[in-house]
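On a predicted model such as this, the values are computed, not experimentally measured, just so you know. Below, read A as the first sequence line, B as the second, and so on, with proteins coming before strands; counting in each chain starts at 1.
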Protein chains: 2
Amino acid sequence: MLELLHSLVHALKSRMHHAMQEGGGDVAGLAGMEARSLGFIARHPESTQGELVRHSGRDKGQIARVVKRLRELGLIEQVEDPVDRRNVRLRVTPAGDALHRDVHRLRKRAGAQALAGFDAEELAAAVALLERMKGNLE
Amino acid sequence: MLELLHSLVHALKSRMHHAMQEGGGDVAGLAGMEARSLGFIARHPESTQGELVRHSGRDKGQIARVVKRLRELGLIEQVEDPVDRRNVRLRVTPAGDALHRDVHRLRKRAGAQALAGFDAEELAAAVALLERMKGNLE
DNA sequence: GAGCGATCGTTGACTTTGTCACCTTTGTGC
DNA sequence: GCACAAAGGTGACAAAGTCAACGATCGCTC
């Protein structure tokens with residue numbers, strides 16, 4: 001079971017990685033974590049780095065570096081939170097948004113391939129089971 | 001969905017990693033991939049490195065290094081295949097078998113926590129769905 | 001048997017991901 | 001003011017993954 005999950009996720013990562021390389025253009029310069037983080041920021045504008053940390057379950061140091069890289073690439077920008085200046089609110093730039101759409105397209109395609117032959121009911125069941133598992137680990 | 005899978009697997013990895021560190025003793029010296037590969041060899045004695053590569057989906061170079069490390073740790077040993085001398089058949093040593101049992105215990109515990117509240121039917125459904133997804137990617 | 005391509009494993013060089021321990025800055029509650 | 005917590009940043013490192021090249025061996029064919 002654990003093995004199965006591992007190899008499935010590895011296969012998905014690998015697919016996405018190759019799709020991003022072959023897709024060429026700007027997406028090729030993004031690493032997987034960077035692409036995923038960009039996606040989170042695009043979906044949750046004005047969120048802080050800490051929220052990204054909590055949502056992804058990754059180390060905050062790692063996230064700090066990923067965010068730094070995305071900023072250097074000009075894909076996101078930071079806004080100071082006037083209320084609490086420790087917080088850094090993140091949002092995508094137009095360039096980041098465009099790139100995010102490209103990534104999203106590839107991600108959707110990879111997901112669609114993995115879920116080929118699933119009807120809505122099965123998809124919902126899969127998501128529910130996975131979410132219960134994730135919930136069990138918190 | 002992809003995000004969900006990623007974070008679930010990440011959480012599982014993290015659990016296993018900590019369990020192996022805290023468990024102390026010899027398991028603490030094993031990295032995750034090493035532990036998983038040891039498990040495969042224990043479950044499939046006399047298999048070749050190539051079979052491990054195909055089963056895990058990992059790069060053969062990576063597997064070669066993992067196998068090398070396991071050999072240096074005295075956990076597995078190689079037997080020359082008399083028929084095809086390119087093949088190297090792998091099997092666990094007594095020490096490797098003992099360690100494998102420890103790892104298996106920890107893995108089982110981590111899996112049990114993730115699957116808490118699942119009845120046999122749900123478990124089977126989850127495995128079936130995941131296997132279909134994995135199959136779709138080949 | 002010599003040549004040729006395929007397969008198995010090995011190695012080097014490298015990038016990405018993850019982990020841990022510390023640090024600074026800022027806010028909160030005495 | 002002070003101690004303490006929280007947000008983020010950095011250094012150092014370990015683990016994981018990727019790619020390309022290589023030697024050895026095998027199967028096949030001429």
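A 6.0 Å sphere centred on NE2 of B/His10 holds more than 12 heavy atoms belonging to other residues, nucleotides or ligands. Within a 6.0 Å sphere centred on CZ of A/Arg43, other residues, nucleotides and ligands contribute more than 12 heavy atoms.
Spacing between atom CD1 of B/Ile63 and atom P of D/dC19 amounts to 15 Å, rounded to whole angstrom units. Between the P atom of C/dT26 and the CG atom of A/Asn87 lies a distance of 13 Å, rounded to the nearest Å. Across the protein-nucleic acid pair, A/Gln49 atom CD and D/dG9 atom C1' stand 8 Å apart, rounded to whole Å. In this structure, CZ of B/Arg89 is placed 11 Å from P of C/dC8, rounded to the nearest angstrom. Rounded to whole Å, atom C1' of D/dG11 lies 11 Å from atom NZ of A/Lys68. Taking atom CE of B/Met20 as the reference point, atom C1' of C/dG18 lies 15 Å away to the nearest angstrom. If you take CD of A/Glu80 and P of D/dA7, they are 16 Å apart, rounded to a whole angstrom. Across the protein-nucleic acid pair, A/His6 atom NE2 and C/dT17 atom P stand 16 Å apart, rounded to whole Å.
In this structure a side-chain-to-backbone donor-acceptor pair under 3.5 Å is missing from A/Ser37 to A/Glu34.
For B/Lys13, there are no side-chain hydrogen bond (donor to acceptor under 3.5 Å, both in side chains) partners two or more places apart in sequence or in a different chain. Residues passing the side-chain hydrogen bond (donor to acceptor under 3.5 Å, both in side chains) test with A/Asn136: none are found, sequence neighbours excluded. Qualifying side-chain contact (heavy atoms from CB on, under 4.5 Å) partners for A/His17, counting only residues two or more places apart in sequence or in other chains: A/Gln21. A search for salt bridge (charged side-chain N to carboxylate O under 4.0 Å, His left out) contacts involving B/Arg91 returns B/Glu46, B/Glu77, not counting sequence neighbours.
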Base contacts versus sugar-phosphate-only contacts with protein, heavy atoms under 4.0 Å: please encode nucleotides 12-18 of chain D as B, S and - from 5' to 3'. B--SSBB
Using a 4.0 Å cut-off on protein heavy atoms (strictly under), produce a 5'-to-3' string for nucleotides 22-29 of chain D with B for base contact, S for backbone-only sugar-phosphate contact, and - for none. ---BS---
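Taking a cutoff of 4.0 Å between a charged side-chain nitrogen and a carboxylate oxygen, B/Glu3 and A/Arg107 qualify as a salt bridge.
Hydrophobic cluster membership differs between A/Leu106 and B/Leu137, with clusters built from Ile, Leu, Val, Met, Phe, Trp and Tyr side chains linked at under 4.5 angstrom.
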